[in-house]
Amino acid sequence: NPYLAAELGALLPGTALDAGCGTGAEALWLAEHGWQVTAADISAEALAQAAARAASSGRADRVQWVEADLSSWDPGVRFDLVTTSYAHPAMPQLTFYDRLATWVAPGGTLLIIGHLHTGEHGHDHGHEHGHEHGHGDRPPAGAPATARAVTARLADSEWDVQTAEELHRTVLAPHGGTVALQDFVVRATRRG
């Protein structure tokens, strides 16, 4: 994931939660860069693959794998870093990000990387929908996840937003040709 190094390279490592870790690529990157990682996912199969990768990487001691439904699980602690990449939770995306934000320790970092879904009616549809229903500038939980929709749900009094970007990149498809991806990246620090 090209965004992890760009966004986290300058941070001092501490404790990290990788929410929706899949087969563990990001968790292992964090472990290699000095983080003590809790990596949670609902899929036992993905976690088994992740643990096997960790064992062969020599970083198994720095990652704790947890099988958990992130819509109801509570880690019971707060972390210096909470990150998620392309997770597909069984709840509205923005509500999921709200949950993750509560697990960030004071002074800690929230890093959200997701696929950009702007809805069918252009970029601001979710935002206008929020105004109709009296949510002010906070988009409703079911609105499409965009960088702006995520940052609008992080209170200025509690968070410093360092990154809020929507990025377009082209990657090689498995069977030849290219695929255009639209991503968003949000990085914010909880005020101490």
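Throughout, residue positions are numbered sequentially from 1 according to the sequence presented.
- No donor-acceptor distance shorter than 3.5 angstrom exists from the side chain of Glu67 to the backbone of Glu45, with no hydrogens or angles considered.
- Using bins of under 30°, 30° to 60° and over 60° for the plane-to-plane angle, the ring pair Trp103/Trp73 lands in the perpendicular bin.
- Within the model, atoms CG of Leu4 and CG of Leu81 stand 8.5 Å from one another, a figure rounded to the nearest 0.5 Å.
- Thr109 places none of its side-chain heavy atoms less than 4.5 Å from the side chain of Val104.
- With contacts defined as side-chain heavy-atom distances shorter than 4.5 Å, the pair Leu30/Val63 does not qualify.
- Ile42 CD1 to Asp69 CG: the interatomic distance, rounded to the nearest 0.5 Å, is 4.0 Å.
- Minimum heavy-atom separation, Ser85 to Glu26: OG-CG, 3.8 Å.
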Criterion side chain to side chain contact (heavy atoms under 4.5 Å, CB included) on Arg191 and Glu158, from CA distance to verdict: CA-CA 5 Å; Arg191 296 177 189 272; Glu158 281 186 61; 5.7 Å; no
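- Under the 4.5 Å side-chain heavy-atom criterion for grouping Ile, Leu, Val, Met, Phe, Trp and Tyr, Ile113 is not connected to Leu116 through any hydrophobic cluster.
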Checking side chain to side chain contact (heavy atoms under 4.5 Å, CB included) for the pair Leu28/Arg53: CA distance, chi angles, key distance, verdict? CA-CA 8 Å; Leu28 288 176; Arg53 280 171 86 165; 3.7 Å; yes
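- Separating the CG atom in Leu100 from the CG atom in Asp98 is a distance of 9.0 Å, to the nearest 0.5 Å.
- The minimum heavy-atom distance linking Asp41 with Ala46 is given by the pair OD1-CB, 4.5 Å.
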Given Leu111 and Val185, is the side chain to side chain contact (heavy atoms under 4.5 Å, CB included) satisfied, shown in steps? CA-CA 7 Å; Leu111 177 62; Val185 178; 3.9 Å; yes
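- Within 6.0 Å of CG in Asp61 there are more than 12 heavy atoms belonging to other residues, nucleotides or ligands.
- The heavy-atom pair separating Arg153 from Ala141 by the smallest distance is NH1-N, 3.7 Å.
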Thr38 vs Cys21, side chain to side chain contact (heavy atoms under 4.5 Å, CB included): CA-CA, chis, key distance, verdict: CA-CA 9 Å; Thr38 300; Cys21 63; over 6 Å; no
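- Under the 4.5 Å side-chain heavy-atom criterion for Ile, Leu, Val, Met, Phe, Trp and Tyr, Leu17 and Val186 are members of the same hydrophobic cluster.
- Expressed to the nearest 0.5 Å, how far CZ of Arg99 lies from CE of Met91 amounts to 5.5 Å.
- For the residue pair Asp80 and Thr15, a side-chain donor N or O sits within less than 3.5 Å of a side-chain acceptor on the partner.
- A distance-only check finds a donor-acceptor pair linking the side chain of Arg190 to the backbone of Ala101 [under 3.5 Å].
- Proximity of Glu7 to Thr163: side-chain heavy atoms (C-beta onward) are separated by under 4.5 Å at one or more points.
- The shortest distance between side-chain heavy atoms of Asp183 and Tyr86 falls below 4.5 Å.
- Nearest approach of Ala173 to Val179, heavy atoms of both residues: CB-CG2, 3.6 Å.
- Summarising the geometry of Arg169 relative to Pro2, their closest heavy-atom pair is NH1-CG, 3.7 Å, with the distance given to 0.1 Å.
- Trp159 and Tyr97 fall within the same hydrophobic cluster, defined by Ile, Leu, Val, Met, Phe, Trp and Tyr side-chain heavy atoms under 4.5 Å apart, directly or through other members.
- Residues Leu154 and Phe79 share a hydrophobic cluster, clusters being chains of Ile/Leu/Val/Met/Phe/Trp/Tyr side chains in contact below 4.5 Å.
- Hydrophobic clustering (side-chain heavy atoms under 4.5 Å, transitive across Ile, Leu, Val, Met, Phe, Trp, Tyr) keeps Leu110 apart from Trp35.
- Remark: the Ser57 side chain and the Glu32 side chain contain no N/O donor-acceptor pair separated by less than 3.5 Å.
- Atom NE2 of His33 and atom CZ of Arg62 lie 12.0 Å apart (nearest 0.5 Å).
- Nearest heavy atoms, Ala19 versus Thr84: O-OG1, 2.7 Å.
- One distance of note links NE2 of His115 with NE2 of His88; it measures 5.0 Å at 0.5 Å rounding.
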